[in-house]
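Numbering of ligands and ligand atoms starts at 1, following listing order. All heavy atoms count here, side chains included; hydrogens, waters and symmetry mates do not. Being a predicted model, the structure only gives us computed values, none of them experimental.
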Amino acid sequence: MHVRTNAPLAPLTTLGIGGNAAHLAELTDLDDFGDVVELARREQVPLILGSGSNVLVADAGCAVPVVRMATHGAVFERAPDGSVVVTVQAGHPLQELVEETIGNGLTGMETLIGIPGTVGATPVQNVGAYGQEVADILVDVTAWDWTAGREVTLSAADCRLGHRTSIFKRSNRWTLLTVTFRLRPAQLSTPITYGMVAKLLGIAKGESVPLDEAAAAVLAVRRSKGMVLDASDPDNRNVGSVFLSPVVNGGQAEELRAEEAPVNDFPDGLTRVSASWLIKAAGFTLGQTIAPGVRMSTKHFTLVAGGQATAAAFAEAARTVADAVQKATGIRLTPEPDLFGDEPAYLRLKQDALASAAP
Ligand SMILES: Cc1cc2nc3c(=O)[nH]c(=O)nc-3n(C[C@H](O)[C@H](O)[C@H](O)COP(=O)(O)OP(=O)(O)OC[C@H]3O[C@@H](n4cnc5c(N)ncnc54)[C@H](O)[C@@H]3O)c2cc1C
C-alpha cells in the first residue's frame with residue numbers, strides 16, 4: 001500500500017473543497033490491511049474515506065492519516081430459508097451493488113438506487129431513502145477494532161442503527177471491512193411509500209411494482225431534485241442533504257401537516273419533517289448565494305459548492321441556514337456530513353445542534 005504525503009483530499013470528495021491529508025493511502029486489497037495497521041502504528045488510527053460523498057474536509061486539511069477504501073467485490077449465497085445473503089467488500093460502490101441485486105431479482109435495496117458512496121459507509125449512517133434503509137437488510141459487518149487490535153464481527157444489533165446514525169457515526173474505533181445483507185428473491189418491489197414516487201408510477205401508496213420500474217421511478221425523482229451525481233450538472237458539488245430531517249413533537253407535527261409539510265413517521269417511532277421544506281419555509285430561494293462560493297441548489301433546498309468555495313464558507317452558509325430556520329420555525333437543524341480535520345465553525349454548529357437536542 002503506497003502512502004502519499006501532503007496529498008489533496010478535495011478531489012476525493014463530492015463537495016470538492018478542503019485541504020491536504022498529511023498521509024493518504026488507498027486500500028485496494030483486504031489482504032493488505034496489515035499495511036493500514038502498520039500506518040496506524042507509525043502515525044495514528046486513520047480516518048476512513050469512501051467516495052467522500054458525506055464529508056467536509058477542513059481548509060487546513062487533515063493531520064490524521066486518511067485511508068481510502070477501494071476494495072471491490074460481492075459474493076451472493078442462497079440461504080436454506082430461500083433468502084440470499086450477500087457479503088460485500090467495504091470499498092464496493094453502492095450503486096453497482098443495487099443494480100446487481102435488481103438484476104438478480106432480489107428485493108431490499110431497489111429504492112437505494114442513485115445514492116453515491118461505498119458499501120462500507122452504508123452502516124455508518126444507516127443509509128436510507130424512499131422507504132428502505134440499511135437497518136432493514138443488514139445481517140452483520142466485519143470490522144477492524146482499533147481498541148481491541150483485532151478483526152471483529154458485529155451483528156446488526158451491535159451496530160445500533162438509528163435514523164442516519166450508528167455506533168460508527170461518532171467514533172473511529174472501527175474500520176468496516178465487509179458488510180453482509182440479507183435480500184429476498186422477488187419480482188416486485190417493497191411497497192412504495194413515497195407520494196412522489198407512487199404518483200410517477202401511477203399507483204396508490206403502499207402498492208408494489210416490478211423492481212426495475214421502482215428503481216427507475218426513484219431515480220427520476222432523485223434527478224429532479226439534483227440528488228444523483230452528474231458531472232455535467234452545475235449543482236453537482238454537494239453532499240446530498242446537508243441537514244438531518246429534524247424530529248418534531250406531536251403539536252409541531254400537527255401544525256406542519258396543516259401547512260402541507262412532508263412530515264413522516266419513522267421506524268424508530270419518532271416523527272420527522274423534511275429539512276429542505278423548512279429551509280424553503282424560512283424564505284431561502286433556489287440558486288441563492290449564502291456565503292462566498294456556496295449557494296442553494298437550483299433544484300432543491302440544499303447547499304452546493306462552486307468556484308472557490310472553502311470549508312469555512314460552507315460552515316458559514318450552513319450556520320446561516322440553521323439560524324434562519326430556527327428563527328422562522330423554532331426548529332434547530334443538525335448538519336449531517338462528517339468533518340475531516342479541524343474546522344471550528346462547523347464543529348460549533350454540530351455542538352449547538354446537539355445541545356439544543358439535549359432533553
Ligand atoms: C447527491 C447525493 C445524494 C445522497 N443521498 C443520500 C440518501 O438518499 N440517503 C442517505 O442516507 N445518504 C445520502 N447521501 C449521503 C452519502 O451518499 C451517504 O452517506 C454514503 O453512505 C456515503 O458514502 P461514502 O463512501 O461517500 O462515505 P464518505 O463520505 O467517504 O464517508 C462518510 C463517513 O463514513 C465513514 N466511513 C466510510 N467508509 C468507512 C469504512 N469502511 N469504515 C468505517 N467508516 C467509514 C467516513 O469516515 C465518514 O465518517 C447522498 C450524498 C450525495 C452527494
Taking only non-hydrogen atoms of Y130, do any sit less than 4.0 angstrom from ligand 1?
no
Residue, atom and distance of the protein heavy atom nearest atom 31 (O) of ligand 1 read V55 CG1, 3.7 Å
Are side-chain N/O atoms of Q132 and T111 paired as donor and acceptor at under 3.5 Å?
yes
Numbering as shown, the atoms of ligand 1 that approach A129 to under 4.0 Å (heavy-atom distance)
8 (O)
Heavy-atom nearest neighbour in the protein, as seen from atom 30 (O) of ligand 1, with distance rounded to 0.1 Å:
G50 N, 2.7 Å
Nearest neighbour in protein (non-hydrogen) for atom 39 (C) of ligand 1:
I48 CG2, 3.6 Å
How long is the span from the OG1 atom in T302 to the CZ atom in F243, to the nearest 0.5 Å?
8.0 Å
Any idea which part of W174 is under 4.0 Å from ligand 1, heavy-atom wise: side chain, backbone, both or neither?
backbone
Under 4.0 Å from one or more heavy atoms of G240, ligand 1 contributes atoms 2 (C), 3 (C), 4 (C), 50 (C), 51 (C), 52 (C), 53 (C)
Heavy atom under 4.0 Å from ligand 1: found in R164's side chain, backbone, both, or neither?
side chain
Do H72 and E96 pass the side-chain contact (heavy atoms from CB on, under 4.5 Å) test, and can you show the C-alpha distance, the side-chain angles, and the key distance before you say yes or no?
CA-CA 10 Å; H72 195 269; E96 212 175 286; 2.8 Å; yes
Taking atom types as modelled, is there a side-chain donor on S51 or S53 under 3.5 Å from an acceptor on the other?
no
If the test is side-chain hydrogen bond (donor to acceptor under 3.5 Å, both in side chains), which one of D140, T71, T142 qualifies with T178?
T142
Which residue and heavy atom of the protein sit nearest atom 3 (C) of ligand 1, plus the separation:
R222 NH2, 3.3 Å
Matching residue for S83 among R78, R184, R182 - test: side-chain hydrogen bond (donor to acceptor under 3.5 Å, both in side chains):
R182
Relative to atom 49 (O) of ligand 1, which among I115, D338, V218 owns the nearest non-hydrogen atom?
D338
Determine, step by step, whether F340 and T13 satisfy the side-chain contact (heavy atoms from CB on, under 4.5 Å) criterion, reporting the C-alpha distance in whole Å, the side-chain angles of both residues, the deciding distance to 0.1 Å, and the verdict.
CA-CA 11 Å; F340 276 28; T13 70; over 6 Å; no
Quick one: which ligand 1 atoms are inside 4.0 Å of a heavy atom on F340?
47 (O)
Ignoring angles and geometry beyond distance, decide whether N126 reaches within less than 3.5 Å of ligand 1 through its nitrogen or oxygen atoms.
no
Minimum heavy-atom distance between G50 and T118, given as atom pair plus value
CA-OG1, 3.7 Å
Does an N or O from N54, backbone or side chain, lie closer than 3.5 Å to an N or O of ligand 1?
yes
Enumerated ligand 1 atoms positioned under 4.0 Å from heavy atoms of G128:
7 (C), 8 (O), 9 (N), 10 (C), 11 (O)
Short version for L177: what comes under 4.0 Å of ligand 1, heavy atoms counted, is neither
Is there a polar contact between ligand 1 and E336, counting only N or O atoms under 3.5 Å apart?
no
If we count only N and O atoms by modelled type, under 3.5 Å, do the side chains of T87 and T180 hold a donor and an acceptor together?
yes
Location of contacts on L49 toward ligand 1, heavy atoms closer than 4.0 Å
both
In terms of atom number and element, which parts of ligand 1 are under 4.0 angstrom from non-hydrogen atoms of M227?
1 (C), 3 (C)
Neighbour count >12 (heavy atoms, 6.0 Å) for atom CD, E254:
no
Which heavy atom of the protein is the closest neighbour of atom 21 (O) of ligand 1, given with residue, atom name and distance?
V127 CG2, 3.2 Å
So which atom in N172 and which in P46 form the shortest heavy-atom distance, rounded to 0.1 Å?
ND2-O, 4.0 Å
Once rounded to the nearest 0.5 Å, what's the spacing between atom CD of E133 and atom CZ of R164?
6.0 Å
How far is atom 45 (C) of ligand 1 from its nearest protein heavy atom, and which residue and atom is that?
V124 CG2, 3.8 Å
Using a strict cut-off of less than 4.0 Å between a Lys/Arg side-chain nitrogen and an Asp/Glu carboxylate oxygen, indicate whether R332 and D323 qualify as a salt bridge.
yes
What is the nearest protein non-hydrogen atom to atom 12 (N) of ligand 1, stated with its residue, atom name and distance?
Q125 NE2, 3.3 Å
Within-cut-off N or O pair, G52 and ligand 1, under 3.5 Å
yes
Looking only at distance, does V228 have an N or O less than 3.5 Å from an N or O of ligand 1?
no
Give me the nearest non-hydrogen protein atom to atom 20 (C) of ligand 1 as residue plus atom name, then the distance to 0.1 Å.
P116 O, 3.6 Å
Start with the C-alpha distance between I17 and V294, add both sets of side-chain angles, then the distance that settles side-chain contact (heavy atoms from CB on, under 4.5 Å), and finish with yes or no.
CA-CA 11 Å; I17 56 185; V294 185; 5.9 Å; no
Could you please spell out the steps behind the side-chain contact (heavy atoms from CB on, under 4.5 Å) verdict for I113 and I102?
CA-CA 10 Å; I113 192 105; I102 294 169; 4.3 Å; yes
Close-contact set for ligand 1 against G117 heavy atoms, below 4.0 Å
23 (O), 24 (P), 25 (O), 26 (O)
